[in-house]
Amino acid sequence: MAMSEEPVYEAEVVSVLKSCSAGHEGGGRFEINTHKTGGICGYCYHDLFPTLMNMCYGGQIPWMNNQEFKYECPDRYNLVTFKVTKKK
């Protein structure tokens with residue numbers, strides 16, 4: 001699969017528990033796939049990457065929806081929550 005054929009997902013910040021050290025705020029949107037970080041925090045992208053790679057290359061995680069899923073950043077104290085949606 002060529003990079004141009006790879007699906008693109010949009011990660012939207014739906015909540016921030018306290019204060020994100022990367023400056024992410026509610027409503028922030030990022031276009032991401034295995035080649036695009038879209039400006040999302042490196043910690044989040046690193047943690048999300050294995051799931052994203054699985055989704056982008058046709059895999060399926062039984063308890064997740066390939067079209068939309070929730071992702072929580074690894075900083076549990078400040079906890080940024082994203083809604084990740086496959087773009088059409």
Side-chain angles (χ1 to χ4, degrees):
M1 176 182 294
M3 186 168 70
S4 62
E5 297 171 20
E6 183 179 341
V8 174
Y9 284 79
E10 179 178 79
E12 178 185 0
V13 178
V14 293
S15 67
V16 179
L17 185 61
K18 294 188 178 170
S19 176
C20 173
S21 63
H24 295 329
E25 297 178 345
R29 295 172 188 259
F30 309 89
E31 283 194 357
I32 58 174
N33 65 19
T34 64
H35 292 88
K36 294 176 152 185
T37 64
I40 199 169
C41 163
Y43 291 117
C44 286
Y45 188 77
H46 178 268
D47 191 57
L48 176 60
F49 185 82
T51 300
L52 190 59
M53 186 170 189
N54 182 49
M55 300 300 189
C56 285
Y57 290 99
Q60 178 64 54
I61 298 173
W63 58 89
M64 293 179 76
N65 176 339
N66 257 15
Q67 303 302 309
E68 183 176 292
F69 58 94
K70 181 176 98 172
Y71 166 73
E72 295 178 340
C73 82
D75 179 354
R76 308 316 289 169
Y77 181 77
N78 292 300
L79 192 57
V80 178
T81 302
F82 298 86
K83 177 176 73 173
V84 182
T85 307
K86 186 176 183 179
K87 294 187 79 172
K88 304 280 187 248

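Note that the structure is a prediction, hence the values are computed from the model and not measured. Hydrogens, waters and symmetry mates are skipped; everything else that's a heavy atom, side chains included, is used.
Looking at Y45 and F30, their side chains never come closer than 4.5 Å, going by heavy atoms from C-beta outward.
The backbone N or O of S19 sits less than 3.5 Å from a side-chain atom of N78, completing a donor-acceptor pair.
For residues 36-50, the pairs satisfying salt bridge (charged side-chain N to carboxylate O under 4.0 Å, His left out) are E31-K36, with sequence neighbours left out.
Cluster annotation: Y43 is not connected to M53 through the hydrophobic network of ILVMFWY side chains, with a link wherever side-chain heavy atoms come within less than 4.5 Å. Linking ILVMFWY residues whenever their side-chain heavy atoms come closer than 4.5 Å, directly or via other members, leaves F82 and L79 in distinct clusters.
Between the CG atom in L52 and the CZ atom in F69 there is a gap of 6.0 Å [rounded to 0.5 Å]. Note that CG of L48 and CD1 of I40 are 6.0 Å apart. Values are rounded to the nearest 0.5 Å.
In terms of heavy-atom proximity, G26 sits nearest to V16 at N-CG2, 4.2 Å. Of all non-hydrogen atoms in K86 and P7, the two that sit nearest each other are CE-CB, 3.7 Å.
The number of heavy atoms from other shown groups lying within 6.0 Å of CZ (F49) is above 12. By the neighbour-count criterion of 12 heavy atoms within 6.0 Å, atom CD of Q60 is densely surrounded, having more than that number from other residues, nucleotides or ligands.
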request  = Start with the C-alpha distance between Y57 and E6, add both sets of side-chain angles, then the distance that settles side-chain hydrogen bond (donor to acceptor under 3.5 Å, both in side chains), and finish with yes or no.
outcome  = CA-CA 7 Å; Y57 290 99; E6 183 179 341; 3.3 Å; yes
